[in-house]
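Heavy-atom basis, side chains included; hydrogens, waters and symmetry copies ignored. If you're wondering where the values come from, they're calculated on a predicted model, not measured in any experiment. Counting starts at 1 for both ligands and their atoms, following the listed order.
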Amino acid sequence: MSALPTSSTDHPPHGHPENITTASTQTTDKPATSSHPPPSKPDPTLSSNASQRGLSSTAAARSTEFSSLTIKLRQALRQFPDFPSPGILFEDILPIFADPSLHEALLRALELHVTHAYSDAQKPDVIVGLEARGFLFGPSLALRLGASFVPVRKKGKLPGPCETAGYQKEYGEDFFQMQSDGVKPGHKVLVVDDIIATGGSAAAAGLLVKKLGGTLLGYIFILELDFLKGRAKLDAPAYTLLSS
Ligand SMILES: O=P(O)(O)OC[C@H]1O[C@H](OP(=O)(O)OP(=O)(O)O)[C@H](O)[C@@H]1O
Ligand SMILES: Nc1ncnc2[nH]cnc12
């Protein structure tokens, strides 16, 4: 995947993270599908000099629009020291959703990224969002992309047969679940969340998608805490909209 002017990076496939454990309420596990190569098209939203590199005026306009959206979004972020526990600098994305113009900017920027980075053949069938902050924009993004939205929820919230994965995150540990019929075998899936810190949450979500037989195209985050190197836990390409 070519990079946007942020911290988008691709990864070679990795094995399952050691701190992820899974359990199933079903009797059979589907084999995990391997991760997929990054989208092949160059990203016109990246660009120090889009027109000089021979990109079309449409691509240059997309690049300009994208840069302007991300600058605006970055300015809206807030930090809270020592929340939810001492030593944690909490990154608060909620101001984006408090302002309709920022909310629109977020969805437009994500839409620009996905529609450019994934060709029609690679287009996601399903957006999987992580509870709770992945629910703030996952469904709207799915609607814009003509994709389904499927939630990953904390354990005990979803009815019916579920797959379960335990994980550790920056400030605690938990269990995620997905309904067993939430993703159909072969469906192309993008996992979205507000932030990647240690990567435990995202890795557990990716594992669930693969247990259901989904093809994990990659991950999209608004923010990334680079110093925690969470993306090393992921076995599909990860893209971050705003640098931390
Ligand atoms: O990369 P990690 O170390 O796993 O941390 C990232 C996760 O932590 C936060 O969720 P949290 O579990 O606090 O839940 P919330 O969205 O329900 O507040 C955040 O929304 C991510 O999902
Ligand atoms: N530092 C942080 N700020 C906001 N959400 C988080 N989730 C995990 N770490 C976080």
Side-chain angles (χ1 to χ4, degrees), residues 6-9 11 14 16-22 35 73-98 102-103 106-107 110 126-142 149-158 162-178 182 189-210 216 218-244:
T6 58
S7 48
S8 169
T9 305
H11 302 277
H14 293 279
H16 288 169
E18 287 173 11
N19 66 340
I20 304 294
T21 54
T22 64
S35 65
L73 288 166
R74 202 173 285 113
Q75 288 167 349
L77 302 174
R78 299 186 300 192
Q79 288 82 33
F80 289 90
D82 298 319
F83 182 87
S85 50
I88 302 293
L89 180 63
F90 191 86
E91 301 280 351
D92 185 18
I93 58 150
L94 294 180
I96 291 175
F97 299 94
L102 292 171
H103 193 166
L106 174 68
L107 292 170
L110 292 171
V126 183
I127 300 296
V128 162
L130 276 54
E131 183 174 354
R133 285 170 263 162
F135 295 0
L136 294 173
F137 61 98
S140 313
L141 179 62
F149 176 79
V150 174
V152 167
R153 296 213 62 183
K154 307 276 168 70
K155 189 177 177 182
K157 301 288 187 182
L158 290 169
C162 289
E163 293 286 349
T164 304
Y167 63 96
Q168 293 179 342
K169 59 182 177 179
E170 192 186 12
Y171 42 73
E173 56 187 37
D174 221 322
F175 290 89
F176 268 157
Q177 289 188 320
M178 288 181 76
V189 177
L190 271 178
V191 173
V192 304
D193 202 5
D194 64 326
I195 188 165
I196 175 168
T198 64
S201 308
L207 188 53
L208 289 174
V209 166
K210 291 190 286 186
L216 184 58
Y219 296 86
I220 297 180
F221 306 99
I222 299 175
L223 268 185
E224 176 170 10
L225 303 184
D226 307 271
F227 65 97
L228 291 172
K229 303 191 187 314
R231 58 172 61 224
K233 289 200 176 82
L234 308 182
D235 60 1
Y239 175 80
T240 305
L241 186 66
L242 309 176
S243 51
S244 57

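- When every heavy atom of V152 is checked against every heavy atom of V128, the shortest pair comes out as CG2-CG1, 3.4 Å.
- Separating the SG atom in C162 from the CZ atom in F176 is a distance of 13.5 Å, to the nearest 0.5 Å.
- Under the 4.0 Å criterion applied to side-chain N and carboxylate O atoms, R231 and E224 are assigned as salt-bridge partners.
- The distance from the CG atom of L216 to the CG atom of L208 is 11.0 Å, given to the nearest 0.5 Å.
- Listed by chain and residue number, the protein contacts of ligand 2 are I88, L89, F90, E91, R133, E170, Y171, I195, A197, L225 (heavy atom within 4.0 angstrom).
- Closer than 4.0 angstrom to ligand 1 lie heavy atoms from E131, A132, R133, K154, K169, E170, Y171, D193, D194, I195, I196, A197, T198, G199, G200, S201.
- When every heavy atom of K233 is checked against every heavy atom of T198, the shortest pair comes out as NZ-O, 2.7 Å.
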>> Apply side chain to side chain donor-acceptor pair (under 3.5 Å) to residues Q177 and T164 and explain how you reach the verdict.
In response: CA-CA 4 Å; Q177 289 188 320; T164 304; 2.9 Å; yes
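- The two residues A142 and F149 make their nearest non-hydrogen contact at CB-CB, 3.9 Å.
- Nearest heavy-atom pair, Y167 versus A165, reported as atom, atom and distance to 0.1 Å: CD2-O, 3.8 Å.
- In this structure, Y219 contributes its side chain and A202 its backbone to a donor-acceptor pair below 3.5 Å.
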